[in-house]
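Structure first, then comments.
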Amino acid sequence: MRLYDTMARESRELRPLDGSAFRFYCCGPTVYGPAHIGNFRTFVLQDVFRRTLETGGTRTFHVRNITDVDDKTIRDCQAAGQSLRDFTAFWTAKFHADCEALALLPPHVEPGAVEHIPQQIDMIAALIEKDHAYASDDGSVYFNIASFPAYGKLSRLDQRELELGKTQNARANSDEYEKDSLSDFVLWKARKPEDGDNFWPSPWGDGRPGWHLECSAMIREYLGADFDLHSGGIDLVFPHHENEIAQSRCACGGHFAAHWFHITHLLVDGGKMSKSLGNLYTLEDLAAKGFSAMEVRYVLIGGHYRKPLNFTLDSLHAAQEAMAKLAKGARALAAKAPAEARFDAVGFGPFQAAWDALNDDLNTPGCLGGLFTGLREAAKLDGEDAAKALAAFNRVLRALGLSLPEDEPEAEIPADILALAEERWAARAAKDWTKADTMRGQLAEKGWAVKDGKEGYELTPV
RNA sequence: GGCGGAGUAGCCAAGUGGUAAGGCAUCGGUUUGCAAAACCGCUAUUCGUGGGUUCGAUUCCCACCUCCGCCUCCA
């Protein structure tokens, strides 16, 4: 497949470096509260990316970290009166439950920062040894960005250098840390009173690792100096990913990620999500409004990952209807296909365009469109052709990670409701429309909708 | 202020140097005693605004307007 590369600023064909599995890393969540749908836009798109590779026959090796120690986790666990470990374990479990509801494939490895303190210390030691980092008097360690000329390439810092220089001078005095320059970032944070008992020993004194270092250490541990792709939200480009590149290349000597995949932010009602605006939705919030995680997934893949996507409650309704339509089309196709027919999907038939869209810079909205038009074409097919088309349809659906709603199960109808319905049907048969309509109203009040057919009626709970 | 991105029908949203996918909604039709549901169909002479290049631009170039992101923690 082809995918846009943030570093090269063009889309490129993806080829695994080692020729077998495609090895990639995704920056995971900081577990200090429930993830919101904006976070999940990133994770869902990464999931579609992985599924597309796998559907296309490429094996993958997927690493995604859990940030379980930083300023926010420490601050909030103390506020909650819990140990850091218990606090982050709780939110990690919540995150996993949400991921499962959204049908995200679990990463092959999901390392946590706390479990990898030694690896992070090793990395700092390597950086100090190579003169890329220095310890300050207070026991913190900083990376010296002046020692890495390639710094800023990903975020085009080279074009901002002049401006950044001004900023440095302006802020030099207000900086509470001792640093050679403002842009030097922290690798090891010296222990502070407000950290409580959340600190670890190191050659530079008690403290804890800096956030940027965590990902570099995980990558070094599980993917090595060179790997295929690194992904995250667009906001991580600077400084997080820029810093990762600096740390890893200086410590490991490799080229680090061969490809950079960044997902643009989700907008809500045309603007940024924020707690104060009350538009920061979690899956739980939306479930309370009657929307399933799968519907949320549909909305999140309804826009291209490099464009802002405007999330609205209305789009959730649209997703509900659209998925029902897809399900209906699939059922119609299944009804025409021989039950015993099995095919090794060779091509994609009517769904070729849908599949191609996915492989062309992960064009998920284009793919969804192709699904509908493909279904229209497939409706003309019969027998084995219908079976082949259905197999292709399901294959694309799996790549998107969508599962369609099943037929509504038959609901238990209470005896009194059934009696009312029978009475109404009799009135209707006697052409007593007034009574029939009145009784339809009564049934509606009791929460049941009645649909008349030629031979009988159908009752469904509202 | 610097850097980056976006503006396509009521809403969401693809796409392309050659005349606008798809979904939702609306509307119309079939059906129905009337509804509902279902099915079928219609709906952008036009792609933020103004110029330019071109036989031809929504697509390329310039200017402007609006919105968003990053520059501090952030998916």
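To find a chain, count down the sequence lines: A is the first, B the second, and so on, and within it residues start at 1. For the numbers below, each heavy atom of this structure counts, side chains included, while hydrogens, waters and symmetry mates do not.
Ranked by how close their nearest RNA chain B nucleotide is to the 5' end, Ile234(A) and Val450(A) are led by Val450(A).
When the nucleotides U32(B), C71(B), C24(B) are ranked by their closest atom to the side chain of Arg428(A), U32(B) comes out on top. Here the side chain of Lys307(A) is nearest to one of C12(B), G7(B), G23(B), namely G7(B). Which of G69(B), A14(B), C71(B) sits closest to the side chain of Lys272(A) comes down to G69(B). Across U8(B), A75(B), G69(B), the shortest atom-to-atom separation from the side chain of Leu236(A) is found for A75(B). Here G23(B) is the nucleotide among A13(B), G23(B), C73(B) with the atom lying nearest to any side-chain atom of Ala322(A). Relative to the side chain of Leu267(A), the nucleotides C68(B), C70(B), G22(B) differ in distance, and C68(B) lies closest. Taking only side-chain atoms of Asn310(A), from C-beta outward, the nucleotide of G33(B), C12(B), G23(B) with the closest atom is C12(B). Listed nucleotides: G5(B), A14(B), A36(B). Nearest to the side chain of Pro308(A): G5(B). Which of G69(B), G33(B), C71(B) sits closest to the side chain of Trp433(A) comes down to G33(B).
Using a 4.0 Å heavy-atom cutoff across all strands shown, Arg9(A) reaches no nucleic acid atom at all. Within 4.0 Å of Gly232(A), counting heavy atoms only, lie sugar-phosphate atoms of the nucleic acid but no base atom. Counting non-hydrogen atoms under 4.0 angstrom, Ile263(A) reaches nothing in the nucleic acid. The residue Asp437(A) sits close to a base: some heavy atom pair falls under 4.0 Å. At a threshold of 4.0 angstrom between heavy atoms, the contacts of His262(A) with the nucleic acid are absent. Residue-level contact check: Leu371(A) touches neither bases nor backbone, having no heavy atom under 4.0 Å from any strand.
Remark: Arg191(A) qualifies as a cation-pi partner of Phe199(A) under the 6.0 Å distance and 45° angle criteria applied to the six-membered ring.
Other residues, nucleotides and ligands contribute over 12 non-hydrogen atoms within 6.0 Å of the CD atom of Gln82(A).
G22(B) has no base stacking with the ring of Phe372(A) when judged by centroids under 5.5 angstrom apart and an interplanar angle below 30°. Stacking here means ring centres nearer than 5.5 Å and ring planes tilted less than 30 degrees, and by that measure His265(A) stacks onto A75(B).
In this entry A38(B) has U30(B) as its Watson-Crick or G-U wobble partner, both defining distances falling under 3.5 Å.
Evaluation of atom-type donor-acceptor distances gives no pair under 3.5 Å for the side chain of Arg440(A) against the base of A36(B).
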- Task: Decide salt bridge (Lys or Arg N to Asp or Glu O under 4.0 Å) for Asp432(A) and Arg428(A); before the verdict, give the C-alpha distance in whole Å, the side-chain angles of both, and the deciding distance to 0.1 Å.
- Result: CA-CA 5 Å; Asp432(A) 185 349; Arg428(A) 193 177 172 281; over 6 Å; no
